[in-house]
Amino acid sequence: MTATARPTLVRAALLTIVVTMAGSLLGLVRDLLLARFFGADGGTDAFLVAWTVPETAFVLVVEGAMSLLMIPVFSRALAQHRAAREVVAATLPRVLVVLVTLSAATAAGAPVVVRLVAPGLADPALAVTCTRLTAITVLTFGIAGYLSAALRASGVFGAPAAIHLAYNVGIVGLMATLHGRLGIVSAAAGVALGSLFMVLVQVPGFLRHVGLPRRWRGSAPAVTLGLVAPIVVYTLARQAQVFVERHLGSSLAPGTISYLNYAQKVAQIPMLIALLVCTVTFPTLARNVAAGETEQARRRVETDLRTVTALILVAAAYLVAYAPRIVAVLLEHGRFTAADTAATAAIMRVYALGVLGHAMVGVLSRPFFTGERRTWYPAVAMAAGLAVTTGLAVVAVPWLGAYAIAAANGIGITTTAVLLLLGLRRHIVAVSVPAVGAATARLAAAAAGAGTAGWLAARATASWSALPAAVVGGLLVLSVFVLLARSAGIAELRRFPHVR
């Protein structure tokens with residue numbers, strides 16, 4: 001990499017992180033408003049079932065398949081000194097035909113989608129209406145993913161990073177202005193509008209840096225399905241955790257799907273922050289693997305694992321100790337009642353125990369995708385974890401209800417994380433399982449101590465209002481964790497890992 005290119009990539013990375021974090025924060029605002037305006041009832045459940053469509057479409061055609069298919073195609077064309085618009089002429093018409101067909105089929109088949117995802121839903125008609133509105137995202141997300149791939153291949157990163165922000169602007173805007181008139185349907189309409197904004201925010205950059213072809217014809221570049229299929233299957237298997245949650249949750253009391261959704265969204269906030277570490281270090285890891293620098297790659301992965309484990313475990317200790325206060329501060333407004341807070345907090349405590357597994361999957365899956373060849377191992381590991389989740393949930397739901405779904409989710413994803421760790425050593429990077437296990441055990445002991453201190457403090461401050469209690473509790477848990485972790489010799493608590 002040249003000296004000129006390095007600062008450019010650093011600026012691009014910083015821009016991407018800043019804009020993406022802004023979009024994620026607005027996404028949190030979106031979830032808080034959803035709770036404030038609509039609470040947790042059968043209507044919110046119906047919307048969340050419909051939201052399954054854009055959730056699945058996003059991971060496939062924005063983060064997954066579209067990016068993996070089109071970025072290499074555009075990059076090869078540019079490397080061969082061909083105009084990117086030639087690729088557009090050869091591929092965009094075909095992509096649009098597929099996307100329009102799938103979007104129309106989803107809208108037409110909305111009743112079938114609802115029955116498959118949530119057969120026991122109290123108000124399936126409302127879910128069908130919302131699903132037909134969100135079905136447009138298959139088309140708009142696909143176009144947004146295509147434009148993002150073209151722009152990133154051309155070295156433009158600002159507009160693609162802004163799609164999360166644009167998406168949530170649409171949802172928040174319509175919910176805020178129309179929730180009184182349209183009810184929960186305003187959220188579904190906001191999803192459709194936000195997905196259109198994802199396209200529009202990229203069009204100016206696309207026209208300027210890529211451009212439309214003068215003639216809409218050309219031979220389509222070859223795409224190797226074998227390179228894409230393993231990642232698509234892996235992505236779908238991971239998303240299927242949500243399918244299991246909503247399918248089984250629909251058979252329980254109205255509002256259960258909402259409680260599960262709110263609990264999971266709050267519990268996974270620390271994971272999203274922790275995985276920014278991997279977002280920054282992934283290019284370094286990819287370069288190490290490509291250059292055959294196995295020792296550097298091993299150290300990079302082990303450092304990331306320890307750092308993310310530390311961040312997740314201290315957050316999990318805090319979530320378990322202060323779950324009711326956290327949920328009350330974030331969600332107990334408007335139609336979200338104290339009873340909703342109690343139900344959500346109880347489920348969130350169970351979810352918090354599985355957040356480390358989710359974060360580890362995020363860390364451990366990336367090295368498998370650093371090379372030119374693709375492996376099916378991550379997809380197989382994810383399928384095994386999904387089978388564990390499904391089996392445990394089906395057996396335990398009649399006795400434990402929503403707690404069984406949350407617990408099964410954590411056990412299943414942790415199974416996948418263990419399989420990925422073992423497979424990573426055999427196939428990609430020879431990480432030291434004893435070293436990773438020992439560091440995790442020390443961090444877990446520190447988290448247990450911090451969580452116990454937080455639990456006792458939460459009982460001692462039971463008469464305090466939620467916000468000051470949550471803030472003081474967070475500072476206490478963090479301080480005790482850092483003290484105990486440093487005493488145990490965890491290096492990541494003394495310095496943040498840097499990218500070399």
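Values below: every heavy atom of this structure, side chains too, minus hydrogens, waters and symmetry copies.
Under the rule for a side chain to side chain donor-acceptor pair (under 3.5 Å), the partners of Arg335 that lie at least two apart in sequence or sit in another chain are Asp41. With sequence neighbours excluded, the residues forming a side-chain contact (heavy atoms from CB on, under 4.5 Å) with Leu165 are Ala22, Leu26, listed by chain and number. Residues meeting the side chain to side chain donor-acceptor pair (under 3.5 Å) test with Asp340, sequence neighbours left out: Tyr259, Thr337. Residues forming a side chain to side chain donor-acceptor pair (under 3.5 Å) with Ser195 (at least two apart in sequence, or on another chain): Thr140. Residues that satisfy the side chain to side chain donor-acceptor pair (under 3.5 Å) test with Arg30, not counting sequence neighbours, are Asn168.
We find the CD-CG distance between Gln239 and Leu386 to be 11.0 Å, quoted to the nearest 0.5 Å. If you take CG on Leu364 and CG on Leu305, they are separated by 5.0 Å, rounding to the nearest 0.5 Å. Interatomic distance, Arg181 CZ to Leu174 CG, rounded to the nearest 0.5 Å: 11.5 Å. With rounding to the nearest 0.5 angstrom, the CE atom of Met198 is 9.0 Å from the OG1 atom of Thr137. Between atom CZ of residue Arg246 and atom CD of residue Glu55 there is a gap of 4.0 Å, rounded to the nearest 0.5 Å. From Ile413, atom CD1 reaches atom CZ of Arg238 across 5.0 Å, with rounding to the nearest 0.5 Å.
Contact detail for Ala381 and Thr416: the closest heavy-atom pair is O-OG1, 3.1 Å. When every heavy atom of Pro124 is checked against every heavy atom of Leu121, the shortest pair comes out as CD-O, 3.5 Å. Minimum heavy-atom separation, Ala267 to Met348: CB-CG, 3.9 Å. Ala107 and Arg132 get closest at one heavy-atom pair: O-NE, 3.1 Å. Summarising the geometry of Tyr377 relative to Leu422, their closest heavy-atom pair is OH-C, 4.4 Å, with the distance given to 0.1 Å. When all heavy atoms of Ala430 and Arg298 are compared, the pair lying nearest together is O-CD, 3.1 Å.
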Original post:
Can you list the steps and then say if Glu302 with Arg299 is a salt bridge (Lys or Arg N to Asp or Glu O under 4.0 Å)?
Top reply: CA-CA 5 Å; Glu302 290 183 4; Arg299 289 201 301 267; over 6 Å; no
Subject >> Steps toward side-chain contact (heavy atoms from CB on, under 4.5 Å) verdict (Leu60, Val232) >> reply: CA-CA 7 Å; Leu60 280 176; Val232 172; 3.7 Å; yes
**OP:** Run the numbers on Thr56 and Phe243 for side-chain contact (heavy atoms from CB on, under 4.5 Å), then give the verdict.
**Re:** CA-CA 10 Å; Thr56 305; Phe243 301 162; 3.3 Å; yes
**OP:** Kindly indicate, with the supporting measurements, whether the criterion side-chain contact (heavy atoms from CB on, under 4.5 Å) is fulfilled by Leu92 and Ile143.
**Re:** CA-CA 9 Å; Leu92 184 55; Ile143 297 173; 5.9 Å; no
**OP:** In sequence, state the C-alpha distance, the side-chain angles, and the governing distance for Phe336 and Tyr262, and then conclude on ring-ring contact (aromatic ring centres under 6.0 Å, His included).
**Re:** CA-CA 11 Å; Phe336 200 91; Tyr262 292 133; 5.4 Å; yes
**OP:** Please step through side-chain contact (heavy atoms from CB on, under 4.5 Å) for the pair Ile163 and Gln202, ending with a clear verdict.
**Re:** CA-CA 8 Å; Ile163 62 176; Gln202 297 184 95; 3.4 Å; yes
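Looking at heavy atoms from C-beta onward, Val156 lies out of side-chain contact with Phe206 at the 4.5 angstrom threshold. Under the 4.5 Å side-chain criterion, counting only non-hydrogen atoms from C-beta, Leu147 is in contact with Val199. Thr134 has its side chain out of reach of Trp51: every pair of non-hydrogen atoms, C-beta onward, lies at least 4.5 Å apart. By the 4.5 Å heavy-atom criterion applied to side chains, Val185 and Leu126 are counted as neighbours. Within the 4.5 Å cutoff, no side-chain heavy atoms of Ile312 are placed close to those of His358. Here the side chains of Ile405 and Val397 are in contact, with some heavy-atom distance below 4.5 Å. Here the side chains of Thr309 and Met360 are in contact, with some heavy-atom distance below 4.5 Å. Using a 4.5 Å cut-off on side-chain heavy atoms (C-beta onward), Gln241 and Thr389 make contact.
For residues 95-127, no residue pair satisfies the ring-ring contact (aromatic ring centres under 6.0 Å, His included) rule, not counting sequence neighbours.
Checked against a 6.0 Å centroid threshold, the rings of His164 and Phe58 count as neighbours. Tyr234 has its ring centre no less than 6.0 Å from the ring centre of Phe368.
Without hydrogens or angle criteria, Ser251 side chain to Leu248 main chain gives a donor-acceptor distance under 3.5 Å. Side-chain atoms of His247 come within 3.5 Å of backbone N or O of Leu116 as a donor-acceptor pair. In terms of modelled atom types and a separation under 3.5 Å, the side chain of Ser103 and the main chain of Leu99 share no donor-acceptor contact. Looking only at distances, no side-chain donor or acceptor of Thr344 sits under 3.5 Å from a matching main-chain atom of Ala263.
A side-chain contact (heavy atoms from CB on, under 4.5 Å) with Ile171 holds for exactly one of Val191, Leu34, Leu193; it is Val191.
Ser258 and Asp45 form a side-chain donor-acceptor contact under 3.5 Å, judged by distance and modelled atom types alone.
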